[in-house]
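Note that this is a predicted model, so its numbers are computed, not measured.
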Amino acid sequence: MNQDTADIVIIGAGLAGMAAALAAAEHSDVVVLSKTGIAGTNSYFAQGGIAASVHPADRAAWHMEDTLAAGAGLSDPAAVRTLTDLAPQAIAWLVGTGVAFDRDRKGQLRLGLEGGHGRSRIVHADGDATGRVVVQSLAGALAENGRVRMITGSFVEAVVKDVSGRAIGVVANCDGETTFWRARKAVVLATGGAGRLYPHSSNPPGAIGEGLALAYHAGAVLGNLEFIQFHPTVVNDVSGDALLISEAVRGAGAQLVDACGKPLFANRSDNLRTRDVVAREIYRAQRERGPVFLDATGVSHFDQRFPNISRRLSEIGIDPITSPIPVTPAAHFMMGGVIARMNGETSVPGLFALGEVACTGVHGANRLASNSLLECVVMAKLFAQAMRHAPCAPRLPEADVESRICAVESEAVLSQVQQAMWNGVGIERTGTGLLAAHHTLLDLARQRPQSAAACVAWLISQLAMAREESRGAHFRSDYPMPKLAFAHSSEIVKSRSTTIRSEETVYGWR
């Protein structure tokens with residue numbers, strides 16, 4: 001096995017990973033390992049933008065209130081305060097790295113409105129291509145930074161710990177060569193979410209939860225995995241690719257209608273309710289009334305305001321200016337993940353988690369629109385600060401790597417996982433459906449112990465069964481109301497049973 005070393009080893013080349021690499025490169029040597037290039041990350045496809053109280057008439061406290069309201073009682077107020085207080089600084093840092101956000105004629109940042117926000121505070125780039133613009137800009141900055149190595153086509157199979165239990169590196173496979181990457185200071189998971197565990201998803205193909213599986217096998221505590229956000233408006237084209245229709249389109253005045261043109265919501269403003277509410281309404285309307293459409297024919301200058309969406313729709317034969325857009329809910333974002341502090345610190349010393357793979361308490365049971373890219377940048381900056389004076393790990397013997405995940409996921413296994421997840425752990429859940437899915441997923445996880453998809457899907461089903469209530473993005477028709485007994489974070493760790501914690505919700509490792 002080959003060996004190499006860096007101060008910080010980051011897994012993932014999305015916004016969280018690249019922002020952490022760029023910020024940490026001020027004082028540390030960094031290597032970024034990614035199985036894909038930046039165009040294969042969720043960050044690249046993010047349309048909506050980044051939420052921040054940058055307008056003089058806005059306040060971080062109001063952004064915090066909206067975030068807590070969306071989180072349905074499970075958000076950690078301290079984490080949310082950190083996120084919203086640092087949001088304007090995050091935007092300023094991105095501007096300083098060269099990100100060209102959209103501006104008005106006076107040169108001020110142009111701010112959009114999205115569901116759940118009480119004010120226009122969404123910063124965009126190139127209209128509806130914020131993620132692409134941001135990650136391309138950071139990639140350009142990293143390419144000129146001599147302290148960062150970017151290695152694509154590199155698949156991480158395991159986190160390596162020393163005999164004290166500290167994460168000290170990873171085993172990675174690149175072009176058939178296996179390398180042990182030793183991390184002097186930290187191993188960072190910035191691998192994104194697991195939307196592709198569902199057949200209908202806005203995520204790119206690689207989003208199957210591999211970072212979650214790596215953390216689970218390394219002994220880290222995971223939590224709130226049952227909270228999967230389904231984006232209400234996604235178009236599935238004939239190639240099987242998904243086109244997300246940004247919430248900003250509804251913010252611009254588009255409304256949801258059935259096949260007869262009747263609005264789904266009597267009150268037009270309800271089109272901008274939180275994503276869990278809107279997704280369930282569409283799901284029920286599809287079941288009872290047939291196809292659902294997003295009518296944007298009344299949105300002025302659609303092709304100018306949403307150029308990339310307009311282009312993609314044109315490619316599949318849809319003209320949003322003259323006809324409604326067929327839409328369906330699809331798996332979009334995971335609120336849960338590896339339980340971490342806002343600087344990424346997890347329950348395993350030396351192992352950090354940033355971005356969607358982390359569960360910081362910011363999103364609670366339901367993420368507020370455009371807080372995800374923001375979380376990536378805020379966490380990355382806080383992580384870099386923590387690493388500035390972090391000591392190097394002592395050279396202790398390595399512990400045996402007990403579990404690895406496979407570099408190539410079986411299409412047959414992934415298909416079985418997706419079907420079980422959609423049928424039993426989808427937008428609306430029941431105890432019977434969850435139990436059936438759980439048995440299927442448990443069997444798959446036992447048969448394919450190296451499958452990240454089977455492992456993570458099984459963990460999600462286990463936590464969803466344990467939460468006998470409806471809250472945020474987790475909706476059970478057999479328990480349609482929230483319960484005080486479940487107003488706490490769930491957690492799961494290897495070799496320990498599922499628990500719903502009865503004490504005050506704390507995101508950390510208590």
Under 3.5 Å, is there a donor-acceptor pair between the side chain of [X] and the main chain of [Y]?
{"X": "Ser34", "Y": "Thr36", "answer": "yes"}
{"X": "Ser201", "Y": "Leu197", "answer": "no"}
{"X": "Arg166", "Y": "Val348", "answer": "no"}
{"X": "Thr233", "Y": "Ile245", "answer": "yes"}
{"X": "Thr178", "Y": "Asn173", "answer": "no"}
{"X": "Thr97", "Y": "Leu94", "answer": "yes"}
{"X": "Ser154", "Y": "Ile151", "answer": "no"}
{"X": "Asp162", "Y": "Arg395", "answer": "no"}
{"X": "Ser75", "Y": "Pro77", "answer": "no"}
{"X": "Gln229", "Y": "Arg367", "answer": "yes"}

side-chain hydrogen bond (donor to acceptor under 3.5 Å, both in side chains) assessment of Thr360 paired with Asp76: CA-CA 8 Å; Thr360 62; Asp76 176 6; over 6 Å; no
Where [X] and [Y] come nearest, the two heavy atoms and their spacing:
{"X": "Glu375", "Y": "Val362", "result": "OE2-CB, 4.0 Å"}
{"X": "Leu74", "Y": "Ala365", "result": "CB-N, 3.9 Å"}
{"X": "Ile339", "Y": "Gly223", "result": "CG1-N, 3.7 Å"}
{"X": "Gly169", "Y": "Val187", "result": "N-CG2, 3.4 Å"}
{"X": "Ala51", "Y": "Ala87", "result": "O-CB, 3.9 Å"}
{"X": "Asn366", "Y": "Gly472", "result": "CB-CA, 4.1 Å"}

Verdict with supporting geometry, Ser370 and Glu114, side-chain hydrogen bond (donor to acceptor under 3.5 Å, both in side chains): CA-CA 8 Å; Ser370 288; Glu114 293 185 1; 2.8 Å; yes
Can you measure from [atom1] ([X]) to [atom2] ([Y]) and round to the nearest 0.5 angstrom?
{"X": "Met421", "Y": "Gln419", "atom1": "CE", "atom2": "CD", "answer": "12.0 Å"}
{"X": "Cys174", "Y": "Lys35", "atom1": "SG", "atom2": "NZ", "answer": "14.0 Å"}
{"X": "Leu459", "Y": "Ile492", "atom1": "CG", "atom2": "CD1", "answer": "5.0 Å"}
{"X": "Ile405", "Y": "Phe155", "atom1": "CD1", "atom2": "CZ", "answer": "4.0 Å"}
{"X": "Lys161", "Y": "Leu396", "atom1": "NZ", "atom2": "CG", "answer": "13.5 Å"}
{"X": "Leu222", "Y": "Met334", "atom1": "CG", "atom2": "CE", "answer": "9.0 Å"}

Looking at [X] and [Y], does any basic side-chain N land under 4.0 Å from a carboxylate oxygen?
{"X": "Glu26", "Y": "Arg388", "result": "yes"}
{"X": "Asp66", "Y": "Arg121", "result": "yes"}
{"X": "Glu409", "Y": "Arg196", "result": "no"}
{"X": "Asp29", "Y": "Lys185", "result": "no"}
{"X": "Glu469", "Y": "Lys483", "result": "no"}
{"X": "Arg429", "Y": "Glu226", "result": "no"}

Check against salt bridge (Lys or Arg N to Asp or Glu O under 4.0 Å), Asp4 and Arg149: CA-CA 12 Å; Asp4 209 329; Arg149 286 178 285 173; 3.1 Å; yes
Residue pair Lys494 / Ser403, side-chain donor-acceptor N/O under 3.5 Å: yes
Flag for Gln385-Asn343: side-chain donor and acceptor within less than 3.5 Å: no
Side chain to side chain contact (heavy atoms under 4.5 Å, CB included) partner of Pro232, chosen from Ile427, Val278, Val327: Val278
Option among Gln450, Glu210, His217, Arg404 that satisfies the side chain to side chain contact (heavy atoms under 4.5 Å, CB included) test with Glu157: Arg404
side-chain hydrogen bond (donor to acceptor under 3.5 Å, both in side chains) between Thr84 and His63, worked out: CA-CA 6 Å; Thr84 54; His63 185 185; 5.3 Å; no
Stepwise side-chain hydrogen bond (donor to acceptor under 3.5 Å, both in side chains) check, Asn224 with Ser489: CA-CA 6 Å; Asn224 284 359; Ser489 173; 3.3 Å; yes
Passing option when Phe230 is tested against Phe475, Tyr198, Phe333 for ring-ring contact (aromatic ring centres under 6.0 Å, His included): Tyr198
Contacts of type salt bridge (charged side-chain N to carboxylate O under 4.0 Å, His left out), residue Asp443, not counting sequence neighbours: none
Kindly check if the number of other-residue, nucleotide or ligand heavy atoms within 6.0 Å of [atom1] ([X]) is above 12?
{"X": "Asp400", "atom1": "CG", "value": "no"}
{"X": "Met1", "atom1": "CE", "value": "yes"}
{"X": "Arg476", "atom1": "CZ", "value": "yes"}

Student check: side-chain heavy atoms of Ser410 and Ser451 closer than 4.5 Å: no
Val377 side chain reached by Leu373 side chain, heavy atoms, under 4.5 Å: no
Cationic tip of Arg467 above Phe486 ring, under 6.0 Å, 45° of axis: no
